[in-house]
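These numbers were taken from a predicted model, which means no experiment stands behind them. Values below: all heavy atoms of this structure, side chains included; hydrogens, waters and symmetry mates excluded. Reminder, nothing fancy here: chain letters follow the sequence lines and each chain counts from 1.
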Amino acid sequence: MATPTEARDTRVSPEQVGYLAGGPQRAAETALARLLDAGLVRVSRNGVVSAVHETDLGVTTAVETGILVNLRQPVRFEPVVRKAGGSAEMRALYQQLRAQRLMRTPRPRLGAWWVFLAIGVVLALAALLQPWTLLGAIGFLAFAYWSYGAKPLTKAGRAVLEAVDADDRVLTVAVEGFRGRIRNQAVGDLFGLPQSVVKTLPRKKKPRRGKGRGAASSAGAGCGAGGGCGSSGCGSSSSSSCGGGGSSCGGGGGGSN
Amino acid sequence: MVGIKDLGVGIGWRSEIDLTVERLPGVDFVEVVAENLHIGHLPESVTLLLERGVPVLPHAVSLSLGGADPVDLHRVEHLGAVAEAVGAPMVSDHVCFVRAGGLDSGHLMPVPRTKDALDVLVANVKLAQANLPVPLALENVAALLEWPDGELSEGQFLAELVERTDCWLLVDVANLYANARNIGTDPERFLDEIPLERLAYVHVAGGEQHGDIYHDTHAHAVLPEVLEVLDELCSRVAPPGVLLERDDNYPSDTEIATELAAIRAVVDKHRG
Ligand SMILES: [Fe+2]
């Protein structure tokens with residue numbers, strides 16, 4: 001397969017696709033996949049990642065550079081991904097995505113959002129008889145909208161993911177993660193990685209709802225997208241710990257981690 | 001033993017590059033450092049290579065057969081057990097000592113080339129052979145010094161060792177080149193003097209010059225000059241096998257494959 005440095009949408013790199021699909025950890029996996037694809041790092045059967053000697057010329061991103069800098073001594077597979085996922089370079093990548101209006105600060109959905117909606121509707125109907133209730137209706141409906149929450153991906157971000165055709169192994173990692181599967185094949189196999197190594201990464205969450213690539217991707221970036229998750233640790237240990245609310249951290253069907 | 005025939009071209013198996021070794025084209029056999037393997041718990045990669053029919057040869061670095069200390073039979077037994085675990089037709093170590101007086105040098109130290117030192121070496125080799133299930137091959141080392149009062153050239157020393165112990169020779173052409181650079185060994189004379197019919201296989205490795213000293217690092221590219229020594233050897237005998245040793249600063253799979261191909265080209269040139 002060819003080595004991609006950019007996804008089909010030329011505005012986004014495979015790393016960015018990875019971030020959109022699965023947050024900072026997925027973006028880190030994607031960067032590592034690119035380095036593997038380019039022959040700049042190798043992984044051993046016992047899961048030790050090492051830099052290939054004197055071949056750092058093919059590095060294309062700051063995240064890749066950060067990974068190679070940390071590989072002056074061999075490091076195990078999972079910590080490589082975790083550390084890159086929490087790096088300053090990854091935070092910069094997130095800021096790029098925000099600047100491109102592909103991501104935004106996520107807002108957790110309040111469990112009682114529908115109560116505010118119902119009250120707003122009732123007040124709106126009541127306004128037909130008592131016009132003064134219109135003001136309350138507007139307030140409750142606005143609050144219902146706010147409490148419904150916001151996913152980290154913007155419409156444009158979701159559109160980018162929908163358009164991604166993961167026809168090479170690096171983009172496949174971006175969309176599915178090393179632990180994912182594509183066409184009945186483990187993604188790790190595309191890189192000759194033993195499952196014992198791949199499984200050191202946090203398990204990929206199954207979508208709770210929605211279907212298809214777009215659905216899986218649409219909320220996947222939740223973890224790490226928001227300022228709360230940042231790029232610190234969603235993917236690494238407990239994806240539910242970030243953001244608290246369902247939508248901000250892999251909730252709603254994220255493919256992250 | 002009639003000798004090992006047609007091992008082909010191989011590479012030293014190291015855990016850091018295990019997946020590389022598995023997928024490299026043209027790896028006919030591998031060598032494992034016996035001290036790094038545990039009986040009953042062979043690395044998955046080694047098991048996989050064995051299942052593919054790739055010969056695995058144990059190579060030891062700690063028998064210290066050139067030393068005056070008694071041979072550590074536990075180490076010999078371990079080497080033999082590794083040989084049996086991987087079904088190896090032979091094992092190897094070096095013509096050197098690595099410990100003395102309770103101290104470990106951390107290096108393969110050259111043996112004084114005196115009759116007395118040869119007697120000690122011969123006795124140790126015979127003891128090791130008696131405790132090994134397969135034949136033993138011994139490798140010439142790279143030396144940064146020569147002990148005083150040497151009575152034999154390196155080739156004569158090895159020839160007499162073979163004659164008295166019936167051991168096999170593992171000729172490291174990179175070590176031979178290093179000795180030529182550092183202590184003035186004449187590679188052609190060395191090859192003239194050793195019994196090439198007892199050649200088990202050959203090592204090739206990389207190194208680099210630091211000031212006046214050539215270091216046999218196993219962490220740099222193989223120099224063309226080392227391949228020239230291999231070429232000289234191949235002009236005299238068809239080696240049963242030639243193996244690339246790389247122990248650090250592992251280059252890309254492509255570079256390793258290129259080095260293996262260069263070795264094979266030298267070997268094939270003389271096979272017509
Ligand atoms: Fe050697």
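Other residues, nucleotides and ligands contribute more than 12 heavy atoms inside 6.0 Å of the CD atom of B:E208. Other residues, nucleotides and ligands place more than 12 heavy atoms under 6.0 Å from the CG atom of B:D104. Applying the 6.0 Å contact sphere to CZ of A:R72 captures no more than 12 heavy atoms from other residues, nucleotides or ligands.
Residues B:R23 and A:F191 approach most closely at NH1-O, 4.3 Å, considering heavy atoms. Residues B:D18 and A:N46 come closest through the heavy atom pair OD2-N, 4.4 Å. Of all the heavy atoms in A:S44 and B:S15, the pair that sits closest is CB-O, 3.2 Å. Nearest heavy atoms, B:L19 versus A:P194: CD1-CD, 4.0 Å. In plain terms, the two heavy atoms of A:G39 and B:S252 that are nearest each other are O-CB, 4.4 Å.
A:R45 places a side-chain heavy atom less than 4.5 Å from the side chain of B:L48.
For B:T254, no part sits under 4.5 Å from any heavy atom of chain A, backbone or side chain.
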